Student: 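Dropping a structure here in structure tokens format, bear with me for questions.
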Protein chains: 2
Amino acid sequence: MSDVTVTIYDVAREANVSMATVSRVVNGNPNVKPATRKKVMAVIERLEYRPNAVARGLASKKTTTVGVIIPDISNIFYAELARGIEDIATMYNYTIILSNSDQREEKELKLIENMYGKQVDGIVMMSDSLTPAISTALQRSSVPVVLAGTVDETKKIPSVNIDYLQAAFEAVQTLLTNGHKRIAFVSGPFSSTINRHFKLEGYKKALTEAGLPIDDELIIEADDSYESGLENSKQLLSLTEPPTAIFAGNDELGIGLIHGALDENFSIPNDIEIISFENSKLARMVRPQLSSVVVPLYDIGAVSMRLLTKFMNKETIDETTVVLPHRIEERQSTK
Amino acid sequence: MSDVTVTIYDVAREANVSMATVSRVVNGNPNVKPATRKKVMAVIERLEYRPNAVARGLASKKTTTVGVIIPDISNIFYAELARGIEDIATMYNYTIILSNSDQREEKELKLIENMYGKQVDGIVMMSDSLTPAISTALQRSSVPVVLAGTVDETKKIPSVNIDYLQAAFEAVQTLLTNGHKRIAFVSGPFSSTINRHFKLEGYKKALTEAGLPIDDELIIEADDSYESGLENSKQLLSLTEPPTAIFAGNDELGIGLIHGALDENFSIPNDIEIISFENSKLARMVRPQLSSVVVPLYDIGAVSMRLLTKFMNKETIDETTVVLPHRIEERQSTK
DNA sequence: TTGAAAGCGCTAACAT
DNA sequence: ATGTTAGCGCTTTCAA
């Protein structure tokens, strides 16, 4: 357990060069004679010298670290985003600081402050809804910020998303095309911007364009859980005039809805058609398999991080509000 | 976008005290006259001074940052562990650096090196199998390391786990108790220490103690996926002498097994009983619901991090190889 | 209770 | 191509 720290100075001394030269070698600066480089490398090897990133960060004012704020890493939706973020970060030699916010403004604020304190070079933020305070904090940031799968309605902060409204519209249209007149929307919390302002609006738009009325009885604000889908399924189907199709806000809800309908002896997709929004691997892990709007979670994360690297490199950026394509994957819960 | 960095020196000047005093105030050192503290605090507030953690890290040789190496954050099993780790880290004011290893030794080694470079105060490592090289690298570490849900058979590295062998033994015993004579084991990859040395051995032990033969035909090395469960289910059930019960290495496999059996018109649990190992929320999201060994993932993560904080504080530690309790949750896939 | 000053290990002008 | 030298912003003796 060798606990003596070998510094750049030790290497310089042993190699009979200056610290600057060692620094150049370590950082791949071309202005070093090959022979010198070789000599220095040998000493680095021998002494097992490893650069101290903290010292480097202090001197260079770059930490090659980015902060990632995520509502909940144990949520499959965000975990998938995080994976995309991390992969690209690694590719560009950035390290990630990851913190869960539990979607609490106070905690988000604290995390942002903390990350500034740690001198991150940039931040990727995920949140169901950006409060004014958070939005302000982010805009004041001295380092670039990118929102991943998170909407800033003012469009002042760079972000990567899909067109949720259009995607929801298409999902409901799919149901409409199959002849349904009573289509329910079981949503995650409306405290989420995407749920309230996009999925719900897309749903309404599709119905309206089809000349159908908006029936509040068919719009349900649930939480994001399987159990919630289960309960709401049973409740919806016990209505005097039950829906014949349901648009689910996410996969867990969708699966709950399926099982709930099955429990009540409805047949899917014959009696009830269901389409969800997410397309995590869960969609395939249920019988009948769940039709779903494909949200490219990994890609949203990856593209966000890529965009952030561009900002950190001060590259010129054409579009700061990126909209990725989506599609609908029809499986067995729709005809 | 105020980009002027306020330093401890600025605060000192404005407050007419020395940097040392400001440092004391910031770090809650009691040796400061209340009046002075108040004065300094006011200036900190006014200038919006935020300590630079990088400079602090360089000076104090502590970064209050811990490295977390995880095979894959988008895997629900590890995501749950990570959540436990992160929560406790936050509680003790540590920040987390998170990296995915994809279970590749070369990448694991690189990540370990990189984390040392970033001067982490400790490391939480997760891995399906600790290669000798990794084990060596970890034991040489100048900072404490704790393994979370990861077995070091030499017991030289502190770790937090459950008794996987005993848990597997009990799972198979449950099946045995229900009268089964032909019980299959569909496992995740045997490259994983836990699968090969504990779940498999527990399975064998239970059969052997019951006076039953070990039939290689009934031991299947699958991968960890749902699809794999699906395929292997069909294959097992088409055997001349098919099993009447299956022990699944994890929930995804278990669900695949259930659906595969259902597809072949077997009834569960009447024709086939299935019990899995993990008990993620997936176990409840399938019909029939999956009976499973409860692995306290969140707790394993949380306890690992707690243990690490003790090491980092140089507290005396009674037990470095922690074994958490497990239990079996019987649902509808067993009688 | 407070201050002065020496680093922590490295980068980045600036010289040579 | 290489060396010299000032910091980066903070903590931490050591004195007072």
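Every value quoted in this text rests on a predicted model; they were computed, and no experiment measured them. Just so we're on the same page: letters track the sequence lines, and every chain starts at 1.
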Student: Atom OH of B/Tyr49 to atom C1' of D/dC10: distance rounded to whole Å?
Tutor: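 One finds 7 Å between C1' of D/dC10 and OH of B/Tyr49, rounded.
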Student: Using the side-chain heavy atoms of B/Ala59, tell me which of these nucleotides is nearest: C/dA4, C/dC10, D/dC10.
Tutor: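 Closest nucleotide to the B/Ala59 side chain: D/dC10.
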Student: For the side chain of B/Thr21, starting at C-beta, report the closest nucleotide among D/dC10, C/dT2, C/dA4.
Tutor: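 Of D/dC10, C/dT2, C/dA4, C/dT2 is nearest to the side chain of B/Thr21.
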Student: Return the value, rounded to whole Å, for the distance between atom NZ of B/Lys39 and atom C1' of C/dT1.
Tutor: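 Spelled out: NZ on B/Lys39 to C1' on C/dT1 is 12 Å.
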Student: For A/Lys118 and D/dG9, give me the distance from atom NZ to atom C1', rounded to whole Å.
Tutor: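 One finds 15 Å between C1' of D/dG9 and NZ of A/Lys118, rounded.
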Student: Within the 4.0 Å heavy-atom criterion, would you say B/Ser60 contacts the bases, only the backbone, or no part of the nucleic acid?
Tutor: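 Sugar-phosphate, backbone atoms only, no base.
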Student: Starting the side chain at C-beta, find the nucleotide from D/dC10, C/dG3, D/dG9 nearest to B/Leu58.
Tutor: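 Selected nucleotide: D/dG9.
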Student: Rounded to the Å, how far apart are A/Arg56 CZ and D/dC8 C1'?
Tutor: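 It is 15 Å, rounded to the nearest whole Å.
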Student: How many whole angstroms separate atom OH of B/Tyr9 from atom P of C/dG3?
Tutor: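 Going from B/Tyr9 (OH) to C/dG3 (P), I get 13 Å.
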Student: Once you round it to whole Å, what is the distance between P of C/dG9 and CD of A/Gln119?
Tutor: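 The answer, rounded to whole Å, is 19 Å.
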Student: Roughly how many Å is it from CG in A/Asn31 to P in C/dA15, rounded to a whole number?
Tutor: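 These atoms are roughly 17 Å apart.
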Student: Test A/Leu81 against A/Ile70 for side chain to side chain contact (heavy atoms under 4.5 Å, CB included), laying out the working first.
Tutor: CA-CA 9 Å; A/Leu81 277 172; A/Ile70 194 167; 5.7 Å; no
Student: So, B/Tyr78 and B/Asp128: side-chain donor and acceptor under 3.5 Å apart, yes or no?
Tutor: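 There is such a pair (donor and acceptor under 3.5 Å, judged by atom type) between the side chains of B/Tyr78 and B/Asp128.
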Student: Looking only at the side chain of A/Lys33 (C-beta and beyond, no hydrogens), which of the listed nucleotides C/dG9, C/dT2, D/dT2 gets closest?
Tutor: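 For A/Lys33, the side-chain atoms sit closest to D/dT2.
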Student: A/Thr36 has a side chain; which of C/dT11, D/dC10, D/dA1 sits nearest to it?
Tutor: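 Given the options C/dT11, D/dC10, D/dA1, the side chain of A/Thr36 is closest to D/dA1.
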Student: Considering heavy-atom distances to DNA chain C, does B/Ala55 or B/Arg37 have its closest nucleotide positioned more toward the 5' end?
Tutor: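 With B/Ala55 and B/Arg37 compared, the 5'-side residue is B/Arg37.
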Student: Give the nucleotide from the list C/dT2, D/dC10, C/dG9 with an atom nearest to the side chain of B/Lys61.
Tutor: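 Of the candidates, C/dG9 comes closest.
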Student: When you check the gap from the basic side-chain N to the acidic O, do A/Arg83 and A/Asp87 get nearer than 4.0 Å?
Tutor: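 Counted as a salt bridge, because a side-chain N and a carboxylate O are separated by less than 4.0 Å.
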Student: Is the count of non-hydrogen atoms from other residues, nucleotides or ligands lying under 6.0 Å from B/Glu106 atom CD greater than 12?
Tutor: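 12 or below, so no.
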Student: Do B/Met305 and B/Val66 pass the side chain to side chain contact (heavy atoms under 4.5 Å, CB included) test, and can you show the C-alpha distance, the side-chain angles, and the key distance before you say yes or no?
Tutor: CA-CA 9 Å; B/Met305 187 61 216; B/Val66 311; 3.8 Å; yes
Student: A/Pro51 side chain: which of C/dC10, C/dG9, C/dT11 is closest?
Tutor: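 Of the options given, the side chain of A/Pro51 lies nearest C/dC10.
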Student: Think A/Ser23 has a side-chain N or O under 4.0 angstrom from the OP1 or OP2 of C/dT11?
Tutor: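 Indeed, a polar side-chain atom of A/Ser23 lies that close.
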Student: Need one value for B/Val17: base, sugar-phosphate or nothing, where a base atom within 4.0 Å counts as base even if backbone is also close, heavy atoms only.
Tutor: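 Sugar-phosphate, no base atom in range.
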Student: Just call it for A/Asn16: base, sugar-phosphate, or nothing, with non-hydrogen atoms closer than 4.0 Å on any strand.
Tutor: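 Result for A/Asn16 = sugar-phosphate.
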Student: Spell out, as yes or no, whether a donor-acceptor pair under 3.5 Å connects the side chain of A/Glu105 to the backbone of A/Ile134.
Tutor: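 No, A/Glu105 side chain to A/Ile134 backbone: no donor-acceptor pair under 3.5 Å.
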Student: Round to the nearest Å and state the distance from B/Lys38 atom NZ to C/dT1 atom C1'.
Tutor: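 Distance, rounded to whole Å: 18 Å.
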Student: Does a nitrogen or oxygen in the side chain of B/Asn52 sit under 4.0 Å from OP1 or OP2 of D/dC8?
Tutor: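 False: B/Asn52 side-chain N/O out of range (4.0 Å or more) of D/dC8 OP1/OP2.
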Student: Counting distance alone, no hydrogens or angles: does the base of C/dG3 have a donor or acceptor under 3.5 Å from a partner atom on the side chain of B/Arg24?
Tutor: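 Between C/dG3 and B/Arg24, which were checked side chain against base, a qualifying N/O pair under 3.5 Å is present.
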Student: Hey, does the side chain of A/Thr7 come within less than 4.0 Å of C/dG9's phosphate (OP1/OP2), counting only N and O?
Tutor: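 A/Thr7 to C/dG9 OP1/OP2: no side-chain N or O under 4.0 Å.
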